[in-house]
Amino acid sequence: MTIQRICCIGAGYVGGPTMAVIADRCPQVRVQVVDINQARIDAWNDADLGKLPVYEPGLDSVVERARGRNLHFSTDVEASIAAADMVFISVNTPTKTKGLGAGQASDLRWVEACARTVAKAAKGHTIVVEKSTLPVRTAAAIQTILEAASEGEDQPTFSVLSNPEFLAEGTAIRDLETPDRVLIGGDDPAAVEALAEIYANWVPQQQILRTNLWSSELSKLTANAFLAQRISSINSIAAFCEASGADVREVARAIGTDSRIGLKFLNAGPGFGGSCFQKDILNLVYLCRHFGLPEVADYWESVVALNTWQQHRIARLVVQKLFGTVTGKRLAILGFAFKADTNDTRESPAIRICRDLLEEGAQLAIHDPKVTAQQIARDLQQEAAPQPDALSGTGSWAEAGSVEDAVTGADAVLVLTEWHHYKVLNWMALAALMRKPAWLFDARAVINPEQVRAAGLTLWRVGDGEG
Ligand code: NAD
Ligand code: UGA
């Protein structure tokens with residue numbers, strides 16, 4: 001079975017870049033990415049590559065090479081499914097906000113809607129691939145919906161595969177072009193090999209792992225849980241370093257050089273953000289409770305609890321260091337995205353920290369090279385507005401067009417995202433624009449401490465017992 005036409009439902013952070021790379025690496029395959037969001041599809045089709053809906057280094061050149069050749073974006077979902085031999089489901093699976101499992105279980109309404117649309121529109125034999133991150137055994141539900149459409153002669157037939165995505169935002173193109181591994185779960189060997197053949201166009205065979213469906217679904221949740229657990233572990237030690245005079249970076253290097261532990265994912269910071277770590281762990285917690293494993297559920301839930309605590313801890317510490325009050329004080333916030341090199345703010349640590357500071361009556365000047373003011377307003381649930389009476393106790397925020405604008409007149413600067421630009425700032429010049437005594441809170445530990453101290457600023461760095 002050789003795949004000639006792929007349809008991907010969902011043109012988001014995963015569907016867009018993943019399909020762009022598949023199209024780029026497999027010019028013989030026609031790739032159609034569809035979405036119900038017209039504005040998103042228009043942005044993917046925009047002649048100006050600066051307007052793509054997802055910001056990822058390198059994405060623009062991949063899209064430029066493949067778009068219009070064998071990569072197409074459209075809202076014509078059913079026709080694209082009908083024409084495809086293989087359909088990827090790459091839609092959002094956020095945490096449920098109400099009903100059974102609210103706050104923990106994944107909301108599968110969009111995945112189920114996709115399965116029903118595929119059941120209705122598919123022609124011939126169609127391989128359906130779960131690309132979204134899903135609870136274990138979701139493939140069984142998808143299979144049941146599809147089988148209902150297969151009854152009777154001349155009806156379409158289906159094989160369901162799990163092929164979770166491991167890309168990280170900010171490095172998506174690199175992760176897709178040189179993945180550590182590709183994982184394919186399924187019980188139809190011909191379908192598994194058909195998908196493996198696509199990846200084999202650029203991924204070495206030994207890095208294409210084949211498992212059963214449930215192992216593949218669970219491996220994705222487990223990978224994210226293990227990665228997030230490392231961040232909570234190092235953040236817990238960062239707090240202890242601050243209390244004891246140790247330095248978390250020295251501790252991280254000391255333990256990370258043990259090859260059994262490894263150096264990656266040991267950067268202490270303001271806690272993990274992003275659309276997936278928290279959602280996927282909470283989903284794991286929900287499933288463990290469902291399967292009668294409360295101790296396992298509690299274990300993983302503590303990873304999220306520690307993360308939330310770390311974010312509140314940083315906001316609280318800023319207030320305490322600034323003489324117990326930030327009411328009416330101008331605080332420069334450098335970075336609002338959940339990590340560098342993305343415009344994504346989902347679950348960004350900056351959101352919780354800024355909300356806590358607004359609650360304390362602070363006046364925030366927020367700078368981020370890629371996040372729009374409209375997005376910040378949505379995340380803070382508050383429009384940008386100057387506060388006429390700074391001491392009224394009501395917090396407010398405004399967008400700062402440059403770092404200089406943000407810090408002018410500020411009592412403190414908070415570095416919340418590790419954008420490269422923030423690592424090379426001239427603190428001597430910036431300190432001169434601030435109100436004294438002035439503070440720098442480096443929640444990412446990316447600023448040169450000597451330069452900051454030489455500029456007369458008082459420095460707090462995450463995990464630094466000397467700071
Ligand atoms: P996203 O919200 O950016 O994109 C999802 C898209 O699906 C949206 O554009 C939405 O309009 C579209 N959609 C929803 N229902 C639809 C339907 N019935 N028909 C057509 N289009 C529909 O989400 P994302 O960040 O791309 O994540 C998608 C999945 O991939 C999630 O399960 C997520 O957990 C997983 N994942 C995400 C990342 C990441 O870095 N963002 C990495 C790995 C895995
Ligand atoms: C993460 C995983 O790394 C991907 O493998 C996975 O595919 C993806 O989730 C997903 O399922 O959505 P992503 O969230 O895009 O990718 O980015 P990461 O690099 O993992 O960073 C997540 C958060 O952890 C960020 O807020 C980052 O700043 C923080 N982090 C990361 C740290 O605080 N310290 C570290 O050492 C590493």
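Atoms within each ligand, like the ligands themselves, are counted from 1 in listed order.
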heavy-atom search around atom 6 (C) of ligand 1 in the protein gives Asp35 OD2, 3.5 Å

min-distance protein heavy atom vs atom 28 (C) of ligand 1 -> Val91 O, 3.4 Å

In this structure, atom 43 (C) of ligand 1 is nearest to the protein heavy atom Glu165 O, 3.2 Å

With heavy atoms and a 4.0 Å threshold, my read on which part of Arg346 contacts ligand 1 is side chain

If we number the atoms of ligand 1 from 1 as shown, the ones under 4.0 Å from a heavy atom of Ser275 are 41 (N)

| query | What is the ring orientation for Phe272 with Phe277, classed by angle as parallel under 30°, tilted 30 to 60°, or perpendicular over 60°? | reply | perpendicular

Nearest heavy atom to atom 5 (C) of ligand 1, choosing from Thr133, Asn283, Asn92, belongs to Asn92

Notebook entry, point to check: Do Arg181's NZ or CZ and the ring of Phe166 fall within the cation-pi criteria of under 6.0 Å and 45°?
Noted result: yes

Taking only non-hydrogen atoms of Leu167 and a 4.0 Å limit, the atoms of ligand 1 in range are 40 (O), 42 (C)

Nearest non-hydrogen protein atom to atom 19 (N) of ligand 1, with distance, is Ile9 CG2, 3.5 Å

Before giving the answer on side-chain hydrogen bond (donor to acceptor under 3.5 Å, both in side chains), spell out for Ser232 and Asn235 the whole-Å C-alpha distance, their side-chain angles and the decisive distance to 0.1 Å.
CA-CA 5 Å; Ser232 280; Asn235 284 339; 5.7 Å; no

for atom 32 (O) of ligand 1, nearest protein heavy atom and its distance come out as Thr93 OG1, 2.6 Å

Checklist entry - Does an N or O anywhere in Arg40 fall below 3.5 Å from an N or O of ligand 1? => result yes

ask   = Do the numbers put Lys131 on top of the ring of Phe88, so that NZ or CZ is under 6.0 Å from the six-membered ring centre and no more than 45° off the axis?
value = no

A student checking ligand 1 against Glu169 at a 4.0 Å heavy-atom cut-off should list atoms 39 (C), 40 (O), 41 (N)

Fill in: Contact (N/O only, under 3.5 Å) between Val14 and ligand 1
yes

In ligand 1, the atoms that come under 4.0 Å of a heavy atom of Cys276 are 33 (C), 34 (O), 36 (N), 37 (C), 38 (C)

Numbered in order shown, the ligand 1 atoms found under 4.0 Å of a heavy atom of Ser90 are 5 (C), 28 (C)

Verify side-chain hydrogen bond (donor to acceptor under 3.5 Å, both in side chains) between His125 and Ser159, making sure each step is shown before the conclusion.
CA-CA 8 Å; His125 186 68; Ser159 296; 3.2 Å; yes

With Val413 as partner, the option from Trp439, Trp427, Tyr422 fulfilling side chain to side chain contact (heavy atoms under 4.5 Å, CB included) is Trp427

Could you walk me through whether Tyr55 and Asp60 satisfy the side-chain hydrogen bond (donor to acceptor under 3.5 Å, both in side chains) test, starting with their C-alpha distance in whole Å, then the side-chain angles of each, then the deciding distance to 0.1 Å, before giving a yes or no?
CA-CA 9 Å; Tyr55 172 71; Asp60 48 359; over 6 Å; no

A student checking ligand 1 against Lys220 at a 4.0 Å heavy-atom cut-off should list atoms 43 (C)

message = Donor-acceptor pair, distance only, cut-off 3.5 Å: does the side chain of Thr171 make one with the backbone of Leu167?
response = no

message: Less than 6.0 angstrom separating the ring centers of Trp300 and Phe226, yes or no?
response: yes

Trp202 vs Tyr199 aromatic rings, parallel, tilted or perpendicular, using cut-offs 30° and 60°?
tilted

**Asked** Does the N or O separation between Tyr13 and ligand 1 drop below 3.5 Å for any pair?
**Response** yes

Which of Leu195, Asp188, Ile3 passes side chain to side chain contact (heavy atoms under 4.5 Å, CB included) with Ile127? It is Ile3

Next on the checklist: Is it the case that the side chain of Lys220 and the backbone of Glu165 share a donor-acceptor pair, with hydrogens and angles ignored and the cut-off at 3.5 Å?
Outcome noted: yes

Min over Ile41, Thr342, Ile36 of heavy-atom distance to atom 17 (C) of ligand 1 lands on Ile36

Here the atoms of ligand 1 under 4.0 Å from any heavy atom belonging to Lys279 are 33 (C), 34 (O)

So the atoms of ligand 1 within less than 4.0 Å of a heavy atom of Trp110 turn out to be 14 (C), 15 (N)

Quiz prompt | Donor-acceptor contact present, side-chain Glu56 to main-chain Gly170, <3.5 Å | solution = yes

**Report entry** Working for side-chain hydrogen bond (donor to acceptor under 3.5 Å, both in side chains), residues Arg40 and Gln38
**Finding:** CA-CA 5 Å; Arg40 222 169 205 193; Gln38 181 73 55; over 6 Å; no

### Main-chain N/O of Val91 paired with Ser132 side-chain donor or acceptor, under 3.5 Å
yes

In chain-and-number order, ligand 2 lies under 4.0 Å from a heavy atom of each of Glu165, Phe166, Leu167, Ala168, Glu169, Lys220, Asn224, Leu227, Ile231, Phe265, Leu266, Asn267, Phe272, Gly273, Cys276, Phe277, Phe338, Lys339, Arg444

the protein heavy atom lying closest to atom 18 (N) of ligand 1 turns out to be Cys114 SG, 3.8 Å

Considering both backbone and side-chain atoms of Asp280, is one of its nitrogen or oxygen atoms within less than 3.5 Å of a nitrogen or oxygen in ligand 1?
no

**Report entry** Expected output: side-chain Asn163 to main-chain Val129 donor-acceptor under 3.5 Å
**Finding:** no

